[in-house]
Amino acid sequence: MKAIAFEEPGQIKAIDIAEPADPGPGQALVRTHRVGVCGTDLGGFLGKMPLFQYPRIPGHELGVEVLAVGEGVTNVTKGDRCSVEPYMNCGECFPCRKGNGNCCTSLKVIGVMEDGGLRDRFLVRADKLHKSEKLTFEQLALVETLAIGAHAVARGGASAGENVLVIGAGPIGLSVIEFVRLAGSNITVMDLSEDRLAFCQNTYGIDRLVQPGQEGAEIEAMKKLTDGDLYPLVIDATGSHHAMSAALNYLAPTGRLVYVGITAQNVSFPHKTMHLREATLLSSRNALPAEFPPIIEHIEQGRIDTNRWITQRMPFADVAQQFAGLTTPAPGAIKTVIELDAN
């Protein structure tokens with residue numbers, strides 16, 4: 001059976017792996033149909049993702065089909081189409097006992113710390129599968145991306161009518177925008193890319209757009225957009241330590257800053273910047289199981305349209321040769337989905 005693996009940073013190739021065993025108790029055997037490519041995968045390929053371990057079969061944004069289930073599995077059955085919650089938590093440590101398995105002290109994220117779904121078939125814990133009778137495999141592959149945004153917005157507590165700044169309009173930033181939009185907040189988007197700002201305007205009707213320029217110029221632009229108040233909630237989805245270090249400057253007094261991106265570099269700012277604002281700093285890691293079913297319902301009901309994100313589809317057979325090109329995306333590129341079948 002074929003799989004795609006990152007052997008070490010910058011090295012990717014197709015490899016032969018053993019067929020998976022029959023599912024044991026609590027497990028399901030699944031076939032991968034679609035894999036979304038995200039910044040974690042690109043960072044893993046480049047050696048810039050601090051949690052990545054090598055060698056590794058990537059792939060954690062997955063649309064899969066259940067082929068068989070093991071003893072005791074009742075939430076899914078053969079033939080179900082599912083999204084995969086890729087966070088394999090222990091269930092016993094302090095955060096797990098609190099209901100925060102996303103922060104498990106021994107967490108293994110498939111495709112990052114253990115092998116992921118960029119292969120034909122694999123075994124997975126059945127409780128990590130979220131099924132839908134309506135969604136396509138491609139839609140299911142993007143549920144995990146949306147869950148990252150949903151969790152970040154929940155961490156920040158976005159509310160109706162509130163001014164919210166989203167920094168970074170890549171796929172994670174777009175997932176944040178979806179849930180800030182559903183919260184009824186007033187959205188400003190900041191990004192270096194004119195193409196991505198145009199996408200936000202044309203797709204979501206967002207006209208509060210800021211492009212970083214000379215020092216201080218963006219702050220003046222933001223003050224004009226917020227009647228001088230700046231933002232009670234700022235969510236940084238860049239993964240850039242430069243952007244993350246500057247984000248406090250855009251925060252209103254008593255505001256909340258959520259870091260959903262991750263960087264291997266230090267994030268720094270003068271303590272005075274935080275202290276004078278009495279700011280609340282929050283990080284957002286992964287997502288929670290309860291956040292997956294509502295997202296599936298949002299897509300099923302048409303409140304979220306994932307199709308407009310997808311700008312490239314790549315056959316599985318081309319991945320080893322073409323994946324490196326994704327690290328320098330073409331203008332207007334948003335999301336690549338890998339197809340493991342022809343359907």
Side-chain angles (χ1 to χ4, degrees), residues 39 145-194 196-197 199-201 204-263 265-287 291:
T145 304
L146 286 159
I148 300 296
H151 188 66
V153 173
R155 290 281 289 157
S159 60
E162 185 175 46
N163 288 322
V164 177
L165 173 65
V166 179
I167 307 174
I172 296 302
L174 293 178
S175 71
V176 169
I177 288 169
E178 289 284 5
F179 291 95
V180 174
R181 177 181 63 83
L182 290 173
S185 305
N186 302 318
I187 306 171
T188 299
V189 179
M190 183 165 73
D191 198 285
L192 288 166
S193 167
E194 291 183 2
R196 289 190 169 180
L197 292 176
F199 180 87
C200 292
Q201 185 172 45
Y204 297 102
I206 298 171
D207 55 11
R208 298 182 175 193
L209 304 170
V210 177
Q211 192 172 23
Q214 295 181 346
E215 186 175 356
E218 65 267 28
I219 295 178
E220 290 305 311
M222 292 174 186
K223 286 181 178 179
K224 290 179 180 179
L225 294 172
T226 60
D227 295 326
D229 294 336
L230 294 178
Y231 296 92
L233 174 59
V234 175
I235 302 178
D236 184 285
T238 64
S240 161
H241 68 286
H242 296 295
M244 295 166 75
S245 296
L248 260 175
N249 295 319
Y250 317 133
L251 197 67
T254 72
R256 298 100 63 203
L257 169 58
V258 180
Y259 291 128
V260 61
I262 185 170
T263 177
Q265 305 299 317
N266 290 336
V267 174
S268 62
F269 41 80
H271 175 255
K272 176 183 175 181
T273 306
M274 180 180 72
H275 182 79
L276 292 182
R277 287 167 168 79
E278 198 176 57
T280 299
L281 301 183
L282 297 157
S283 59
S284 180
R285 184 183 183 190
N286 303 325
E291 289 164 332

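Every heavy atom of this structure was used, including side-chain atoms; hydrogens, water molecules and symmetry mates were not.
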Exercise. State, with a plain yes or no, whether a side-chain heavy atom of Phe269 is found less than 4.5 Å away from one of Leu281.
Key: yes
Quiz item: For Asn249 and Thr273, which heavy atoms make the closest approach, and how far apart are they?
Solution: OD1-CG2, 3.8 Å
Quiz item: How far does CD1 of Ile206 sit from CG of Asn186, to the nearest 0.5 angstrom?
Solution: 11.0 Å
Self-check item: Over all atoms of both residues, closest heavy-atom pair of Glu291 and Ala147
Solution: OE1-O, 4.3 Å
Quiz prompt | Reported NE2-to-CG distance for the pair His271 and Leu248, which is rounded to 0.5 angstrom | solution = 10.5 Å
Quiz item: Hey, does Val164 have a side-chain heavy atom less than 4.5 Å from the side chain of Val176?
Solution: no
Practice problem: Determine, stepwise, if the pair Phe179 / Leu146 fulfils side chain to side chain contact (heavy atoms under 4.5 Å, CB included). | Solution: CA-CA 9 Å; Phe179 291 95; Leu146 286 159; 3.9 Å; yes
Self-check item: Heavy-atom side-chain contact between Leu225 and Val210 under 4.5 Å
Solution: yes
Quiz item: Is there side-chain contact between Leu182 and Val153, with heavy atoms separated by less than 4.5 Å?
Solution: no
Quiz item: Can you name the closest pair of heavy atoms from Tyr250 and Leu230 and give their distance?
Solution: O-CB, 3.4 Å
Quiz item: Which atom pair, heavy atoms only, marks the closest approach of Arg155 to Ser283?
Solution: NE-O, 2.9 Å
Self-check item: Check: Val258 and Val234 side chains under 4.5 Å, non-hydrogen atoms
Solution: no
Practice problem: Tell me, please, which residues at least two apart from Arg196 pass salt bridge (Lys or Arg N to Asp or Glu O under 4.0 Å). | Solution: none
Practice problem: Keeping the roles fixed (side chain from Thr188, backbone from Leu209), state whether a donor-acceptor pair exists under 3.5 Å. | Solution: no
Quiz item: Could you walk me through whether Ile172 and Thr145 pass the side chain to side chain contact (heavy atoms under 4.5 Å, CB included) check?
Solution: CA-CA 6 Å; Ile172 296 302; Thr145 304; 4.0 Å; yes
Practice problem: Heavy atoms only: give me the nearest Asp236-Ala247 pair and the separation to one decimal. | Solution: OD2-CB, 4.5 Å
Quiz prompt | Flag side-chain contact, heavy atom, 4.5 Å: Asp191 against Gln211 | solution = no
Quiz item: Can you name the nearest heavy-atom pair linking Ala243 to Thr238, along with the distance?
Solution: CB-OG1, 3.5 Å
Exercise. Indicate yes or no: at least one non-hydrogen side-chain atom of Leu197 is less than 4.5 angstrom from one of Gln201.
Key: no
Quiz item: Considering only heavy atoms from C-beta outward, does the side chain of Leu276 approach that of Pro253 to under 4.5 Å?
Solution: no
Self-check item: Pairs touching residues 238-248 that satisfy salt bridge (Lys or Arg N to Asp or Glu O under 4.0 Å), sequence neighbours left out
Solution: none
Practice problem: Sorted by first residue and then second, give each salt bridge (Lys or Arg N to Asp or Glu O under 4.0 Å) pair with at least one member in residues 175-188; sequence neighbours left out. | Solution: Glu178-Arg181, Glu178-Arg308
Exercise. Under the side chain to side chain contact (heavy atoms under 4.5 Å, CB included) rule, collect the residues that match up with Thr280, sequence neighbours excluded.
Key: Arg256, Leu282
Quiz item: Taking only residues two or more places apart in sequence, or in another chain, which ones meet Thr263 in a side chain to side chain contact (heavy atoms under 4.5 Å, CB included)?
Solution: His241, Met244, Gln265, Val267
Practice problem: Not counting sequence neighbours, list each pair that qualifies as a salt bridge (Lys or Arg N to Asp or Glu O under 4.0 Å) and has a residue in residues 204-213. | Solution: none
Practice problem: Rounded to the nearest 0.5 Å, what's the gap from CD1 on Ile148 to CG on Asn286? Could you check? | Solution: 5.0 Å
